[in-house]
Amino acid sequence: MKSNKLCRFQKQIIKIIIFSVCCFILASLIGCEAFVRKFTRKPKKESLPREEMVLVPEEYKPTQDKEQLYRQYFVFWRSWHDELLNSLIPHTNHKKQIDCAQEAIKNLMHLRQLLNLEKQKKLDIYINRLSELKEMIAQDIYGSNYARHRQIAERLRMDILRDFSYPKINKDII
């Protein structure tokens, strides 16, 4: 009896194995499209026709009028001057102080170009004073006179704000 049960069990295992092998062979013959697609070689992109790039230079002109430019440069000057004031404290970066002063001067020079001759001469005085302050900061490598430099910068800021704010200068813009 045991051998009969064993023989029947072996036959069932053989049937299962044959069925599994048949399914595997059938699946491999039919193939899985995603599997096949994964391992097929794709064409090189270099062989495809390439579109040539055409660069046409365009010249963009500023669309702002003189009043908007004046306000923009004035805000730039004020922010750089405020940054200069914030950097004029002990143990700060000496190069940053000089760069802030240089940028403030640059924006004042842009403002100068937008003013009439009389106001240009008045602004030249402040530009020269700011340039002198920049030179004093550049010579004071160790920052021993930072309080004096800060006082001069604050006075310059107040004077320029008083004399060159937009409501006071809008008639003198050319």
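Side chains included, hydrogens not; waters and symmetry mates left out as well; all remaining heavy atoms used. Fair warning: this is a prediction, and the values are worked out from it, not measured in the lab.
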Student: In Å and rounded to the nearest 0.5 Å, what is the OH to NZ distance from Y73 to K106?
Tutor: 9.0 Å
Student: In Å, rounded to the nearest 0.5 Å, how long is the span from CD of Q120 to CE of M109?
Tutor: 9.0 Å
Student: For I141, give me all partners under side-chain contact (heavy atoms from CB on, under 4.5 Å), at least two apart in sequence or on another chain.
Tutor: none
Student: Which residues pass the side-chain contact (heavy atoms from CB on, under 4.5 Å) test with I16, not counting sequence neighbours?
Tutor: S20
Student: Looking at OG of S87 and NZ of K95, how far apart are the two atoms once the value is rounded to the nearest 0.5 Å?
Tutor: 14.0 Å
Student: Just by distance, do the side chain of N145 and the backbone of R148 share a donor-acceptor pair under 3.5 Å?
Tutor: no
Student: Using 0.5 Å steps for rounding, measure from the CG atom of L84 to the NE2 atom of H149.
Tutor: 10.0 Å
Student: Tell me, with the steps shown, if R78 and I160 meet side-chain contact (heavy atoms from CB on, under 4.5 Å).
Tutor: CA-CA 9 Å; R78 190 169 59 201; I160 293 173; over 6 Å; no
Student: Does any part of the side chain of I169, heavy atoms only, come nearer than 4.5 Å to the side chain of K119, both counted from C-beta?
Tutor: yes
Student: Applying side chain to side chain donor-acceptor pair (under 3.5 Å), can you list everything that pairs with Q113, at least two apart in sequence or on another chain?
Tutor: none
Student: Just verifying a value: how many Å separate K15 NZ and Q10 CD, rounded to the nearest 0.5 Å?
Tutor: 13.5 Å
Student: Who pairs with Q72 by side-chain contact (heavy atoms from CB on, under 4.5 Å), at least two apart in sequence or on another chain?
Tutor: Q64, L69, F76
Student: Locate the shortest heavy-atom distance separating T92 from Q97; write the atom from each residue and the value.
Tutor: OG1-NE2, 2.9 Å
Student: Just jot down the side-chain contact (heavy atoms from CB on, under 4.5 Å) partners of V54, sequence neighbours excluded, or say none.
Tutor: V56
Student: If hydrophobic clusters are built from ILVMFWY residues whose side chains come within less than 4.5 Å, do L115 and V75 share one?
Tutor: no
Student: Hey, quick one: are I13 and V21 part of the same hydrophobic cluster, counting side-chain heavy atoms closer than 4.5 Å, chains of contacts allowed?
Tutor: yes
Student: Please answer: with hydrophobic residues joined when any side-chain heavy atoms are less than 4.5 Å apart, are I98 and Y142 in the same cluster?
Tutor: no
Student: Only pairs at least two apart or in different chains count here, so list each side chain to side chain donor-acceptor pair (under 3.5 Å) that has a residue in residues 163-174.
Tutor: N116-D172, Y126-D163
Student: Can you pull out every ring-ring contact (aromatic ring centres under 6.0 Å, His included) where at least one residue sits in residues 85-105? Sequence neighbours excluded, please.
Tutor: none
Student: Quick one: list whatever passes ring pair (Phe, Tyr, Trp, His ring centres under 6.0 Å) with Y146, sequence neighbours left out.
Tutor: none
Student: Should L161 and W77 be marked as a side-chain contact (heavy atoms from CB on, under 4.5 Å) after you check the CA-CA gap, both sets of side-chain angles, and the distance that decides it?
Tutor: CA-CA 10 Å; L161 282 173; W77 163 79; 4.0 Å; yes
Student: Identify each donor-acceptor pair in which a side-chain atom of residues 128-135 lies under 3.5 Å from a protein atom, sequence neighbours left out, and give them as a table.
Tutor:
from: N128; atom 1: ND2; to: D124; atom 2: O; distance (Å): 3.2
from: R129; atom 1: NH2; to: D159; atom 2: OD2; distance (Å): 3.4
from: S131; atom 1: OG; to: I127; atom 2: O; distance (Å): 2.9
from: K134; atom 1: NZ; to: Q102; atom 2: OE1; distance (Å): 2.8

Student: Sequence neighbours excluded, which residues qualify as ring pair (Phe, Tyr, Trp, His ring centres under 6.0 Å) partners of Y70?
Tutor: none
Student: Which heavy-atom pair separates R150 from N86 by the least distance, and what is that distance?
Tutor: NH1-N, 4.1 Å
Student: Report the residues that fulfil salt bridge (Lys or Arg N to Asp or Glu O under 4.0 Å) with K96, sequence neighbours left out, ordered by chain and then residue number.
Tutor: E83
Student: Looking only at heavy atoms, which two atoms of D65 and E67 are closest? And how far apart?
Tutor: OD2-OE1, 3.0 Å
Student: Using a 4.5 Å cut-off between side-chain heavy atoms of Ile, Leu, Val, Met, Phe, Trp and Tyr, which other residues end up in the same hydrophobic cluster as I18?
Tutor: I14
Student: How close do I173 and K66 get, counting heavy atoms only, and between which atoms?
Tutor: CG2-CB, 3.7 Å
Student: Any chance you could measure I152, atom CD1, to I137, atom CD1, to the nearest 0.5 Å?
Tutor: 8.5 Å
Student: Should the pair R157-E154 be classified as a salt bridge under the 4.0 Å nitrogen-to-oxygen rule?
Tutor: no
Student: Is there a continuous path of hydrophobic side-chain contacts, each under 4.5 Å between heavy atoms, that joins F74 to W80?
Tutor: no
Student: Quick one, L111 with L123, criterion side-chain contact (heavy atoms from CB on, under 4.5 Å). Give me CA distance, side-chain angles, the key distance, then yes/no.
Tutor: CA-CA 9 Å; L111 282 179; L123 186 59; 4.1 Å; yes
